[in-house]
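For reference, the structure is listed below as structure tokens.
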Amino acid sequence: MDETAALWAPIRRADTLVWPAATVLNTGAGVPADQVQAASLRVRRRMGLGKRHGGTLEGALTHVLKVTRSDAPGLFHCDTHRDIPRTNHGLAQCFGQHRHHERRTTGRKRGTPDTVLRGPVRLRTSVASRLQRWTAAELAPSHVAAWREVRQAVRARFATRAQGLRFRRDPDAYVRGLEQQFLTSGLPV
């Protein structure tokens with residue numbers, strides 16, 4: 001104990017600066033977001049002033065301040081919007097369920113390529129279908145132009161993927177096809 005006694009003082013000082021931040025982050029639901037943000041700002045200011053007394057842990061406290069400063073704008077969205085889970089664990093659970101169902105339906109151990117190709121549509125429908133039951137009238141597109149844009153984006157991703165597959169299967173035939181298209185397009189050579 002005598003040999004490590006000098007190491008404990010900075011840990012105690014850092015602990016008194018970090019625990020109030022954990023307390024702010026652990027505020028329960030029902031506390032207005034602006035109060036939570038103001039409390040977080042006070043804790044960060046106190047930590048900024050006290051970090052110079054952190055000894056060997058001053059660098060770690062500086063890092064915590066840097067990360068929380070960059071994350072501060074999006075840190076308390078769960079207090080503003082009640083539909084957002086309070087922790088990453090809730091979000092990880094949501095996406096994990098989607099991944100689990102994708103693997104069960106396809107039999108693949110890894111994620112399906114469709115998640116990349118149809119990601120915005122499939123993920124939204126996966127999450128929305130867990131929140132409520134939808135009727136056929138609700139599922140019909142109300143904004144046909146927006147629906148067509150999404151469909152066009154999905155088709156473009158499929159077309160790009162198909163071109164890549166064709167090239168990987170037979171690069172020479174793919175290039176010959178492109179040359180043939182160019183020659184028959186009527187452009188001057």
Side-chain angles (χ1 to χ4, degrees), residues 1-132 150 153-154 156-157 160-161 164:
M1 290 292 279
D2 293 335
E3 293 176 16
T4 61
L7 300 174
W8 286 102
I11 292 172
R12 280 193 197 101
R13 279 188 233 115
D15 190 50
T16 60
L17 296 171
V18 173
W19 271 109
T23 306
V24 168
L25 292 174
N26 200 23
T27 56
V31 179
D34 56 343
Q35 287 181 10
V36 177
Q37 288 175 340
S40 172
L41 182 62
R42 285 192 302 272
V43 168
R44 285 183 292 160
R45 284 183 180 157
R46 195 175 310 126
M47 192 182 298
L49 293 172
K51 72 179 181 178
R52 64 177 178 214
H53 302 295
T56 56
L57 295 176
E58 182 178 351
L61 292 170
T62 302
H63 179 71
V64 168
L65 285 170
K66 177 184 169 191
V67 171
T68 53
R69 188 180 311 115
S70 66
D71 290 344
L75 196 56
F76 299 104
H77 280 306
C78 60
D79 294 317
T80 318
H81 306 285
R82 296 291 171 210
D83 297 336
I84 300 175
R86 286 195 56 78
T87 64
N88 283 347
H89 181 66
L91 289 174
Q93 238 178 0
C94 177
F95 292 122
Q97 286 174 351
H98 174 74
R99 189 173 58 244
H100 171 73
H101 290 300
E102 285 280 330
R103 290 191 345 227
R104 280 190 65 207
T105 56
T106 61
R108 292 172 173 247
K109 288 193 176 187
R110 295 183 177 200
T112 64
D114 277 353
T115 303
V116 175
L117 299 173
R118 297 180 185 255
V121 175
R122 291 179 81 134
L123 193 56
R124 287 179 188 158
T125 55
S126 172
V127 171
S129 66
R130 279 189 229 113
L131 297 175
Q132 74 178 53
V150 170
V154 169
R157 285 195 293 269
T160 303
R161 184 174 169 80

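Hydrogens, waters and symmetry mates are skipped; everything else that's a heavy atom, side chains included, is used. Position 1 is the first residue of the sequence; numbering continues from there.
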Could you pull out all residues at least two apart from Gln132 that satisfy side chain to side chain contact (heavy atoms under 4.5 Å, CB included)?
Trp134, Glu138
Going by heavy atoms in the side chains, are Val18 and Val64 under 4.5 Å from each other?
no
Enter the distance from Met47:CE to Thr16:OG1 here, rounded to the nearest 0.5 Å.
9.5 Å
Do Leu17 and Arg13 touch side chain to side chain, with heavy atoms closer than 4.5 Å?
no
I need the minimum non-hydrogen distance between Gly48 and Leu65, along with the two atoms involved.
CA-CD1, 3.5 Å
Here the gap from Leu41 atom CG to Arg46 atom CZ, rounded to the nearest 0.5 Å, amounts to 10.5 Å
